[in-house]
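Values below: every heavy atom of this structure, side chains too, minus hydrogens, waters and symmetry copies. Protein chains get the first letters and strands the later ones, always in sequence-line order, with residue 1 at the start of each.
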Amino acid sequence: MIFAGVILSGFFLAFLVAPLFKVLGKAAPWVISLFPFSQLLFFLMLWTNRPHATGELVACTQWVPGAGVDLCFLIDGLSMVFMVLISGIGGCVFLYSKDYLHDDPHLDRFYSYLLVFMSAMLGLVAADNVISLYVFWELTSISSFLLIGFHPDTPEARRAALQALLVTNLGGLAMLAGLVILAEAGDSYYFSELIQRGDVIRAHPHYSAALLLLLTGAFTKSAQMPFHMWLPNAMVAPTPVSAYLHSAAMVKGGIYLVARISPIFGGTALWFGALTIVGGITFVIAAVLGLAQRDVKRMLAYSTISVLGMLMAVLGIGNEKAVQGAMVYLFAHALYKSTLFMTGGAIDHAAGTRDLTRLGGLGRMLPLVAGAGILAAFSKSGVPPTVGLIGKELIYEAGLHAHSAQKVIVAGALFGNMFLAAVAWAAGIRPFVGRLQSPEAPHALKPMMWFAPLVLGVLGVALGWAPEIVEKTFLHAAANTVSGHPVPMDLALWHGFNTAVLLSILTLAGGGLLFWVRHRWRRFAEARPWVGPDILYDRLLSVLKGIARLSTRLLQSGYLRQYMILVWAVSAGMVSWMLFDAAPLSWPAFAPVLPHLHEWVIGSVMMAAAVFAIATTQRLVSILALGVIGFGVTLFFVLYSAPDLAITQFLVETFSVILFVLVLYRLPELKDRSPVATRVRDALVALAVGAVMTLLVLGSPSVQYYPKISEYFAQVAVSAAHGHNIVNVILVDFRVMDTLGEITVLAVAAIGVYSLWRREDA
Amino acid sequence: MQTADFTALTPLLLLAAAIAAVMLQIALKRSHILTIVLTLAGLIAAMLGVLAVGDMPARQVTPLVTMDRLAFFFIGLILTATAATALLGCRYWEHAVGQCEEYYLLLLVAALGACVLAAAHHFAAFFIGLEILSISLFTLMAFARRRMASVEAGLKYLVLAGISSAFLLFGIALIYADVGSLAFPIWTARLQAAGETVSPLLLIGMGMTVIGVGFKLALVPFHMWTADIYQGAPAPTTAFVATVSKSAMVALLLRLFAPVDFTAEPALFWTLAILAFASMIVGNILALRQDSVKRILAYSSIAHMGYLLVAFLSGGPAAIAATVFYITAYTITVLGAFGVVTVLSRTDADADSMSDFQGLFFSHPWLAGVFMAMLLSLAGIPLTAGFIGKFYAITAGAQGGIWWLIITLVLTSAASLFYYLRIVVAMFSPPLENKTQPPAAGISYSGGLVLTVMTVLLIWVGSAPGPLIDLIGRITQ
């Protein structure tokens, strides 16, 4: 319960931010920044004092009864890695934002959104229930939407925010469907139970569908190709958002999901294939594209996409070394990437541009920022002694331990890593060294803008010296969770000279070479217009809009007559389908009885009137012709001894003709007729409706009817109501309430008519 | 009729008494505020009546209506939505040209018709309730007589509702010809006895009934009235059409088809499934290009009724609970959304185009927040009532194994986010220059009350749906 409170308290704090700013003023950001750090402390204490060595379940409250959705939190090594990153880096970003956005009037709103995001992300990685996982997942998307569009005055920001939310929401819904299938297949809505049932689920007929849906969700969230375009565009967000959501936390949501379901789904050919192919392609292409960017934030965004692809691929390999490598690299990446974003933001602040071709030598002005950036770049490129190097070597080892043909992964990893190393130096070192280059004279920065990145940068190196601290605390436990069984783990910088070390040296050498030629590569890439998914996204949207426009024109013309045509046509179609296919009528045998002469005459007059009604160009004549048809029907009623029906029909016909004439009197003359095509269409629909109705009427005599109610009245009129005039008995006895109602209605109508009349006078 | 019958009818009787009272009051002395007070008093009295007798065992009153828990639940929902509409109308009609007291009278009459529909046990009650509702709606739609769009809306609805009623009557006649009774249970019993060899007249009658129901629910292809009427009708009327008329029809849908075993009636299943499928696709596609917020909400309502049908078609007890939950969540959301539209409307025209909402976040941040919450609920984003509703629909569908409908639901809701977010983005965009701002005087107390209640309900149902689900579980068992 306490645990749930700690995770969810951020949501409540988000509402208190504005009052806090009012009360505390400038001190408010300090107080708010304490919050994530205290959460971090709480998680670490909770974890180190846990009663069992394995995962444990904390806090369950009922949420949606009947559908098996509770708020349950599962804390194990995997959630712990993420929670430490989310709260720890969150705290640094909170501090950094204080100075980065110090003159923004909406800083309180910014902190509110950040708090909502942080709590949602914590809930996401700690959720035990699959549906609550989805809920938190969507909340992170929403808060990301709000944060990307934090300065909504530019169309780019609005477009990027919308795009990010659309793409991740599409994936989120796919994931929801996958989660529901998974829960139905495993007969549980809890990861803690589903993990035990991996065999059942892997043998389930819906296994592939569930896995592919879940992976779609993970790929959109973690910006895997071809869904990656939202992430570079999201760089319009304020830099603290990029450092936090779009490198360290939210985009890792997909990695978290894949790691979480790895013991359930892992180890199959589909798992391996889907993850290594998508992840591998993303890894290589994004790394290559990243080096061609000018904007430091876009460059870092591409390198984030690339690393996320690598992590996906490594989780796809899934052997011991791979899982360890994924966990270590994930941790290292979060540290160095948010550092690099923060230094990038600091450069932007100080020098007024993020264009790397116009920056250099800033280290003399911003020595501490430079220190942070250089440390992070070392970790990113895998220079000893950093935690990044440990992760990278583990990943090489994972490739080397893979099955024979899969060793090709190593070549891909080497190729991509060379580009990433070059990116690291271009983004983290190059702006600080060499000749001074800056569009504006660089000015000094507020303290938190160098302090926050420096803390994370130093951590990246310190943990490289002593990786056992994080290994013992949670990384080992995380690797156990992802593998599904205990694995040996021994992190160290130096394991003696082996192939992995050789590959690391090769990476650095290749990286250096690429760094040298990076401008040439950039100019080459810039000269070519790329058809990327970003353009496809726009095209897709415009195609959708085109379909919408077309269907609006077809279905929603605004003309009542067209609506009616559609209703008639569909109804006739439906009835004829039922008539002939679903439940065919048994047609009665028609005895060939020829009509009498007078019937012929009436029938011919009616048909002639029908043709005339259509052919005439005068409205009045048309209405009169319709009236002739109605009177013909009346005559038929008379001929077949139904005088009551005949009288009703006669009155209705007369009345409607009079009404029509009154209305037509005010209408203009009918001059222009519709084009031939329209008339042909109308005629077809009319004929179809008429034909179906005719068939329906012809088929009806085959049905046996029930005894007439009139016989019942005739029987009981005397005995029950003591009346001999059956009609009178019906009106005043059997249906006395109806009669009363009718009289009331008439009276009310009369009053209404009278009051309208009076108002017209007044 | 016995005393217990009258007791069971308490809410309907109180509502009818309120109608008479309001009518007399208007005849004696015209006063807008007095009419509103009387209307609300009548609605509250009827709601108290629901609370008082709602837990009674189900009772059939006359052959026409059954007062059971389902009926009471829907009557409560209808009364609440009517009260919200009346409150929204306060400020809306205050400055309108001409007299407006009859608006509330018509609202009450329409609500009575909807209540009869919700309790209908007989095709006659179905038709009477439907016509009471529809005829009041024609006038409610055309009530802003000086606006051409409003009159056009009323006229279009009149003609199209006339056609659908004609089909419905024909269908009822065919069903009667086959079954020999107009009571629902006899009809469903007959259907079940027939199994797959259902007689053609019964099937065609059923099909024509579906046309009638589909028209009121605005299922594709009987949806054409929706956008024109949502846009043309005065905003409070649109809120009423979107909530009261739909929830009454959903209640009727449950009465008509819930006892039917869809696996034994493939023709009926496929008819409804195709309508659901088409509604989800067409509703969402048509909404994509709209610049009118009221039209967007109209098309989205088409899609939402498709989602609701997915829940309903899944079969089994979960299906009914999911359907009832969905329409409840939808009612809350739509009342909130149209509440915002109404509050922002001016006397001469409703707030409708995107530009009316542009920059709303900067001029009325709370209003923008409420509208955003409502739109996110329509999109099915977590922590709103709409999400739980959609989740229930998906779960029910998964249990029923109608995967193709679920996939359609998921994909189309993903697309729907696009047009909901367009409104959100517009609200967050900088305000237009030289634009006439919505009423600067601020929001009326009555409108504010409706919006507050709906927002609280939205978040409450979305974050702690337990109580509502328990309640629905009790009424649907």
Quiz prompt | B/Pro221 to A/Val570 - nearest heavy-atom pair and separation | solution = CG-CG1, 3.3 Å
Quiz item: Counting heavy-atom pairs under 4.5 Å to chain B, which of A/Leu176, A/Leu560, A/Leu213 comes out on top?
Solution: A/Leu560
Quiz item: How far apart are the C-alpha atoms of A/Trp577 and B/Ile204, what are their side-chain angles, what is the distance that settles it, and do they pass the side-chain contact (heavy atoms from CB on, under 4.5 Å) test?
Solution: CA-CA 9 Å; A/Trp577 170 63; B/Ile204 294 167; over 6 Å; no
Quiz prompt | Full working for side-chain contact (heavy atoms from CB on, under 4.5 Å) between B/Phe387 and A/Ile131 | solution = CA-CA 11 Å; B/Phe387 164 68; A/Ile131 302 303; 4.2 Å; yes
Practice problem: Show your working on side-chain contact (heavy atoms from CB on, under 4.5 Å) between A/Leu696 and B/Met208 and close with a plain yes or no. | Solution: CA-CA 12 Å; A/Leu696 190 58; B/Met208 290 187 169; 4.1 Å; yes
Quiz prompt | Heavy-atom contact with chain A under 4.5 Å, split by part of B/Leu409 | solution = neither
Practice problem: Measure the spacing between CE of A/Met574 and CD1 of B/Ile211 and express it to the nearest 0.5 Å. | Solution: 4.0 Å
Quiz item: Checking heavy atoms, do the side chain of B/Phe170, its backbone, both or neither come under 4.5 Å from chain A?
Solution: side chain
Quiz item: Could you go step by step and tell me if B/Phe215 and A/Val567 meet the side-chain contact (heavy atoms from CB on, under 4.5 Å) rule?
Solution: CA-CA 9 Å; B/Phe215 175 80; A/Val567 173; 5.9 Å; no
Practice problem: Name the orientation class of the two ring planes belonging to B/Phe167 and A/Trp568 (parallel below 30°, tilted from 30 to 60°, perpendicular beyond 60°). | Solution: tilted
Self-check item: Proximity breakdown for A/His106 and chain B, heavy-atom pairs closer than 4.5 Å
Solution: neither
Quiz item: Any side-chain heavy-atom pair from A/Asn169 and B/Phe418 closer than 4.5 angstrom?
Solution: no
Quiz prompt | Side chain / backbone / both / neither for B/Val159 at chain A, heavy atoms under 4.5 Å | solution = side chain
Quiz item: Quick one: of A/Leu170, A/Ile547, A/Leu166, who has the most non-hydrogen atom pairs under 4.5 Å with chain B?
Solution: A/Leu166
Quiz item: When the ring centroid of B/Phe222 is compared with that of A/Tyr563, is the distance short of 6.0 Å?
Solution: no
Self-check item: A/Leu179 versus chain B, the contacting section by heavy-atom distance below 4.5 Å
Solution: neither
Exercise. State the CD-CD distance between B/Gln399 and A/Glu184, to the nearest 0.5 angstrom.
Key: 5.5 Å
Quiz item: Which distance, rounded to the nearest 0.5 Å, do you find between the NE2 of B/His223 and the CG of A/Leu566?
Solution: 7.0 Å
Exercise. Against chain A, label B/Met372 side chain, backbone, both or neither, depending on which of its atoms sit under 4.5 Å from a heavy atom there.
Key: side chain
Self-check item: Contact summary for A/Leu173 and B/Ser413, nearest pair of heavy atoms
Solution: CD1-C, 4.0 Å
Quiz item: If you tally heavy-atom pairs under 4.5 Å against chain B, which of A/Ala161, A/Ser571, A/Ser141 wins?
Solution: A/Ser571
Quiz prompt | Atom group of A/Met693 that falls short of 4.5 Å from chain B, counting heavy atoms | solution = side chain
Quiz item: Under a 4.5 Å heavy-atom cut-off, does chain B meet the side chain of A/Phe145, its backbone, both or neither?
Solution: side chain
Exercise. Against chain B, label A/Ala174 side chain, backbone, both or neither, depending on which of its atoms sit under 4.5 Å from a heavy atom there.
Key: backbone
Quiz prompt | Greater than 12 external heavy atoms within 6.0 Å of B/Phe362's CZ | solution = yes
Self-check item: Nearest atoms (heavy-atom pairs only) where B/Val410 meets A/Ala177
Solution: CG2-CB, 4.5 Å
Quiz item: For A/Arg109, is it the side chain, the backbone, both, or neither that has a heavy atom closer than 4.5 Å to a heavy atom of chain B?
Solution: side chain
Quiz item: Do you know which of B/Val425, B/Leu468, B/Asn284 has the most heavy-atom pairs under 4.5 Å to chain A?
Solution: B/Val425
Self-check item: Pick from B/Leu421, B/Val424, B/Leu288 with the largest number of heavy-atom pairs that fall under 4.5 Å of chain A
Solution: B/Leu421
Quiz item: Contact part of B/Leu376 toward chain A, heavy-atom cut-off under 4.5 Å: side chain, backbone, both or neither?
Solution: side chain
Practice problem: Select one option (side chain, backbone, both, neither) describing which atoms of B/Ile381 are under 4.5 Å from chain A's heavy atoms. | Solution: side chain
